[in-house]
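These numbers come from a predicted model, not from an experiment. Throughout, protein chains are lettered first and strands after them, A, B, ... in sequence-line order, and every chain is numbered starting at 1.
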Amino acid sequence: MQLEESQRLLLDESQVTPDGQRVDTMTINMGPQHPSTHGVLRLILTLDGETVVKAVPDIGFLHTGIEKTAENKTYFQALVVTDRMDYLAPLSNNLGYSLAVEQLLGVEIPPKAQIARVALAELQRLASHLVWLGTHALDLGAQSMFLYAFREREMLLDIFELCSGVRLMTSYIMPGGLQADLPPGFDAKVREFLAIFPDRLREYHDLLTYNQLFIDRTKNVAPLNAADCIALGASGPVLRASGVAWDTRKAFPYSSYEKFDFAIPVGTNGDVYDRYLVRMLEMEQSANIVRQALDSMPEGRWNVADPKIIPPPKWAVATNMEALIHHFKLYTEGYRPPRGEVYQRIESPKGEIGFYVVSDGSSRPYRMHVRAPSFGNLQALPKMIEGQLLSDVVAAIGSIDIVLGEVDR
Amino acid sequence: MSEPELAPTLAARTAALVRDRLGDAPIEVVEYRGEMTIILPVEHIVPVCQMLRDAPDLRYDFLADLTAVDWEDREPRYDVVYHLLSMQTRAVVRLKVRVGAEGEDHPTVPTVTGVWPAANWCEREVYDLFGIVFTDHPDMRRILMPDDWTSHPLRKDYPLTGITLPEPHWGGQVPLGSPVSPTLYRQTLRTPGGIPGEIDPQAESTRQSVEGQGDQEH
């Protein structure tokens, strides 16, 4: 039906096609309590039949003021709030924050801590990707996948628990090194996982990669090309799936990543299936990196030998006056990095996470801003799903692997 | 990929390019811990960003981050910070503009969404948390805080907790159109109603109705 100018003014923009035809659209609300939005994401979708004409994400439901909180804690204390941003990859957040603070302080970390950090960050990447794999497949109806993926993740959480005593919010990587030495049995436990993981990964491939139902739901769904990814600030597997071989671990190596031999998997179409494949291949590479890290793990200290940054051991506090003073100063006041600012980027499981830390010379970060990868990736979501079917929105959300904890911070 | 040694050279070339472009305008180049910061006047930010994105040997195609810092006692009060990255040449630079004259509640900065669409949400976040307005932004709304929030939490003068705010800042607690009693002015973040001992009948009825609704749901 051709519309008169006066009639058109009464309609919403999305209800008129470029050539002046009226479309009967419906605006619906998805989330924030929808199970497949992976947290508290709300989408306002304008539909024409089953096709999404317009999508507007509404975020902020999980805003907890983490940046504000960090400004009011010492550098030492602010570490624990970084765990809570991307709660599926706390060790990656710890690593990014620690590297930023170390750069402000200008300290060099011993080789053992660097290699151990790589091993832990890659185990964390595996754990994060396993949660993504399970939930993404569950969204698309493959329920058993969820159980398998969580079975393997449980082994990884056991490893983190062995190291730090905590399964999730470990805070194990800290400015200056690690909280404690790698425990006895760490090597054996990780090797046990690495021995079974390739077989399990093959099992996942059998279940999903060549599964016609899965391919139908994911291939050519919600594609995004490389130019749009870069323009909208998408990074990580979303960017690599569209064919850009960009990985911060290779481009700006940190924590001795330059010593490791690994490949960057890239996709071609940038659709849901490619994002799936990129992450699956990344898991293979991560397991490989962990193996290399275990093989080359040096002996020596796991933290810097500076009592101004690292608390002295308990036995020293009990027997040594100097150690007692350092302990007291560190826990009451903390350390004071010189005035300045740094931006430290690392490759988290979701993409580029950046820590912008500003020091005014006091013992608290004057400003800590986090460039969250999910924030950029979510911004690209409307571009992916406009023109797609409503049922594919769920597949698209799963494929960008958002964690609302870091989107909202 | 190019050698990592190139990064400082590229940053130096960036600074030279910006100097060249701005001529007499006052710019400041700071290097700290191997990272280069270029501080420039706010009116030049959009043309400079455009130029850096399109410069053939630099190509800053990725806006990694955009945020702000509040230096409460300084004038101008705010730094707006841009972290630029080139995925083609691996060049990295930080741009900074300073805004916020004395007594200016909502300083303005021209938007860079025209250069990188990624700036859209970042600028909304800066507006939401700092109150810096980005002119010509396509969608200048709050993004993290509720739409009816009345202040900007990341400002240094915004207290962390235990506050009495000047007006009802959580829209849902006062029914639309009803007169607001002075007791309600003193509500804290999560507790509807006023301070014990200063019960105003009208505020009390509002409080009860709010709490009553909650009870029914459970």
Side-chain angles (χ1 to χ4, degrees), chain A residues 56-65 67-69 71-72 100 103-106 226-235 239 244-246 248 250-253 258 338-345 352 354-356 358 360 366-372 375-376 378-380 383 407-409, chain B residues 1-2 4 7 30-35 37 53 59 61-72 79 81 83-90 92-94 96 113 115-122 124-126 128-129 139 141-147 149 153-156 158-161:
Chain A
V56 181
D58 181 10
I59 62 173
F61 293 95
L62 212 56
H63 178 58
T64 44
E67 291 176 5
K68 182 87 177 171
T69 311
E71 286 174 13
N72 290 279
Q103 212 183 337
L104 269 179
L105 288 165
D228 283 340
C229 277
I230 294 175
L232 288 165
S235 56
L239 176 65
V244 183
W246 177 266
T248 312
K250 286 270 192 207
F252 300 100
E258 68 278 2
R339 283 181 75 100
E341 54 190 344
V342 291
Y343 179 80
Q344 175 70 45
R345 50 165 60 84
E352 176 183 320
F355 281 83
Y356 176 53
V358 181
D360 64 342
Y366 189 76
R367 171 98 170 93
M368 184 189 87
H369 175 71
V370 183
R371 187 259 184 226
F375 190 76
L378 186 57
Q379 191 169 194
K383 188 91 184 168
V407 174
D408 296 344
R409 297 181 302 279
Chain B
M1 285 196 177
S2 51
V30 185
E31 208 169 333
Y32 183 72
R33 302 264 190 241
E35 295 177 11
T37 311
R53 189 195 65 181
R59 296 221 171 272
D61 49 5
F62 191 77
L63 177 72
D65 190 23
L66 193 165
T67 186
V69 184
D70 177 9
W71 298 95
E72 201 183 356
D79 281 344
V81 189
H83 286 99
L84 273 49
L85 165 71
S86 165
M87 289 199 170
Q88 295 168 39
T89 63
R90 285 202 281 164
V92 190
V93 77
R94 178 188 298 132
K96 221 183 238 187
T113 44
V115 188
W116 302 282
N120 189 327
W121 281 20
C122 301
R124 279 177 66 189
E125 189 185 307
V126 170
D128 191 357
L129 304 180
D139 189 19
R141 289 183 293 135
R142 283 182 182 271
I143 186 166
L144 295 176
M145 304 300 284
D147 287 341
W149 205 260
L154 271 184
R155 287 183 175 180
K156 286 285 176 185
Y158 188 96
L160 195 64
T161 182

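Qualifying side-chain contact (heavy atoms from CB on, under 4.5 Å) partners for B:R53, counting only residues two or more places apart in sequence or in other chains: B:Q50, B:V115, B:W116. With sequence neighbours excluded, the residues that form a side-chain contact (heavy atoms from CB on, under 4.5 Å) with A:A231 are B:P117.
In terms of non-hydrogen atom pairs under 4.5 Å with chain A, the most contact-rich of B:D139, B:L129, B:I143 is B:I143. Of the listed residues (A:V407, A:D58, A:L378), the one with the most heavy-atom contacts under 4.5 Å to chain B is A:L378. Per-residue heavy-atom pair counts under 4.5 Å with chain B were compared for A:V342, A:V370, A:L62, and the maximum is reached by A:V342. Counting heavy-atom pairs closer than 4.5 Å to chain B, the top-ranked of the candidates A:H63, A:R367, A:R345 is A:R367. For the options A:E352, A:R409, A:E258, A:E341, heavy-atom pairs under 4.5 Å to chain B are most numerous at A:E341. Chain B forms more heavy-atom pairs under 4.5 Å with one residue of A:V244, A:L232, A:I230 than with any other, namely A:I230.
For B:R155 and B:D70, the salt-bridge test fails: no basic side-chain N is under 4.0 Å from an acidic carboxylate O. Using a 4.0 Å cut-off between charged side-chain N and carboxylate O, A:R371 and B:D65 make no salt bridge.
Side chain to side chain, B:N120 and A:Q379 fail the donor-acceptor criterion of an N or O pair below 3.5 Å. Donor-acceptor pairing under 3.5 Å is lacking for the side chains of A:E71 and A:Y366.
Both the backbone and the side chain of A:D408 come within contact range of chain B, with heavy atoms under 4.5 Å apart. Using a 4.5 Å cut-off between heavy atoms, A:A234 contacts chain B through its backbone alone, with no side-chain atom that close.
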